[in-house]
Structure formats: structure tokens, C-alpha cells
Amino acid sequence: MPTNSDRYARIYAVVRQVPEGRVATYGQIAALAGIAGHARQVGYALHALPDGADIPWQRVINARGEVSPRASGGWAAGLQRHLLEEEGVAFDARGRVDLARCRWEPEERPRSPRR
DNA sequence: ATGCTGACTATGT
DNA sequence: TACATAGCCAGCA
């Protein structure tokens, strides 16, 4: 049984798999981490991330395809968008990403022979 | 222990 | 498309 600490580890492990130039939603990360339906905990886990963590946290956005506004201090949101743009993720005039195009599509094949 | 908060999502209007 | 509600659950006072 996964403990609460393991959940964070799982979340981070999944986020680490998101390739450059791609984004994933909180719900997506949650599902892949084995805690489907607990998207909020994903956001919480990322919030607790220390500076310099080897995690591409900027690639995790909400289901609307937009960078989630922080409750306190918005500097991180601006940085997130900046980092994504440098990776090649395009934002439209409303500051949203085209999920249909930039969404990361993980290949779930835990043991299936590659192709 | 209880209650509130929050980097969310799905559904209804 | 945008706003309002409800459901969700870990962390913290």
C-alpha cells in the first residue's frame, strides 16, 4: 500500500517523464501516479517542491490548458509560462496552451513488448 | 479531534 | 465560453 510520502514520489516520477515541449494536466498526472481523481494533491505536491528540484514542474498545467494562478505570490506562474515558451510550447492570445496539440500522451505499456 | 485552505476537475446554467 | 457548485483529500492551525 502506498503511503502518503510515496504518493509524492510517484507524482514526481510521473512529472519527470513529461518530455520537453509537452504539457500534462494535473488530473493526468494524478491518474498516472495511481491517485486518479486527486488532482488537487498533485498541485499540492508540486507546491511543496523545493527550488532546484530536478522536476519539470512547469509542464504541469490545469485542464483548461492554462497555467494555474497561484493563491499567493504569482511570480511562479509567470516563470512557468516563460519556461514553457522557451521549450516551444505555444500560448494563444488568452494565455492558454492548445492541449489538443501539446498534451503529453504517455504510452502505457508497463510490460507490453514495445510495439 | 475539528475546521479551513488549496498550483483541481466535472457538471450544470 | 464563462461563472457557480459539489466532490475530493492531504496539510496545517
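Lettering follows sequence order; numbering is per chain, from 1. Bear in mind that the values here come from a model prediction, so they are computed numbers and not experimental data.
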Name every donor-acceptor pair, under 3.5 Å, that has one atom in a side chain of residues 91-102 of chain A and the other anywhere in the protein, sequence neighbours excluded.
from: Asp92(A); atom 1: OD1; to: Arg94(A); atom 2: N; distance (Å): 2.7
from: Asp92(A); atom 1: OD1; to: Gly95(A); atom 2: N; distance (Å): 3.0
from: Asp92(A); atom 1: OD1; to: Arg96(A); atom 2: N; distance (Å): 2.9
from: Asp98(A); atom 1: OD1; to: Ala100(A); atom 2: N; distance (Å): 3.1

Sequence neighbours left out, cut at 3.5 Å: what donor-acceptor pairs do the side chains of residues 18-25 of chain A make with other protein atoms?
from: Thr25(A); atom 1: OG1; to: Gln28(A); atom 2: N; distance (Å): 3.1

| note | Within residues 54-69 of chain A, those residues having any heavy atom closer than 4.0 Å to DNA chain B are Trp57(A), Asn62(A), Ala63(A), Ser68(A), Pro69(A)
| said: Using a 4.0 Å cut-off on heavy atoms, which residues in residues 80-93 of chain A reach DNA chain B? List them by number, or say none. | reply: Gln80(A)
| message | Under 4.5 Å between side-chain heavy atoms, counting indirect links through other Ile/Leu/Val/Met/Phe/Trp/Tyr residues: same cluster for Ile61(A) and Val14(A) or not? | response | no
| request: Would you sort out whether Ile11(A) and Ile35(A) count as a side-chain contact (heavy atoms from CB on, under 4.5 Å), showing the intermediate values? | output: CA-CA 9 Å; Ile11(A) 291 170; Ile35(A) 54 173; 3.9 Å; yes
| request: Calculate the interatomic distance between Ile11(A) atom CD1 and dA10(C) atom C1'; express it in whole Å. | output: 10 Å
| said: Donor-acceptor check, side chain of Tyr12(A) to backbone of Ala45(A), threshold 3.5 angstrom: yes or no? | reply: yes
| Would Leu84(A) end up clustered with Leu46(A) when hydrophobic side chains under 4.5 Å apart are linked, directly or stepwise? | no
| Does Tyr44(A) or Arg96(A) map to a spot on DNA chain C nearer the 5' end, using the closest nucleotide for each? | Arg96(A)
| field | Distance (rounded to the nearest 0.5 Å) between Tyr26(A) OH and Ile29(A) CD1 | value | 10.0 Å
| query | Does the pair Trp57(A) and Leu83(A) meet the rule for a side-chain contact (heavy atoms from CB on, under 4.5 Å), with working shown? | reply | CA-CA 10 Å; Trp57(A) 58 270; Leu83(A) 290 171; 4.3 Å; yes
| remark: Rounded to whole Å, the CZ-C1' distance (Arg10(A) to dA10(C)) equals 17 Å
| Residue list, side-chain hydrogen bond (donor to acceptor under 3.5 Å, both in side chains) with Gln58(A), at least two apart or on another chain | Glu87(A)
| request: Return yes when atom CZ of Arg64(A) has more than 12 non-hydrogen atoms of other residues, nucleotides or ligands closer than 6.0 Å, and no otherwise. | output: no
| request: At under 4.0 Å between heavy atoms, which parts of nucleotides 4-9 of chain C does protein reach? Answer with one letter per nucleotide, 5' to 3': B base, S sugar-phosphate only, - none. | output: ---BBB
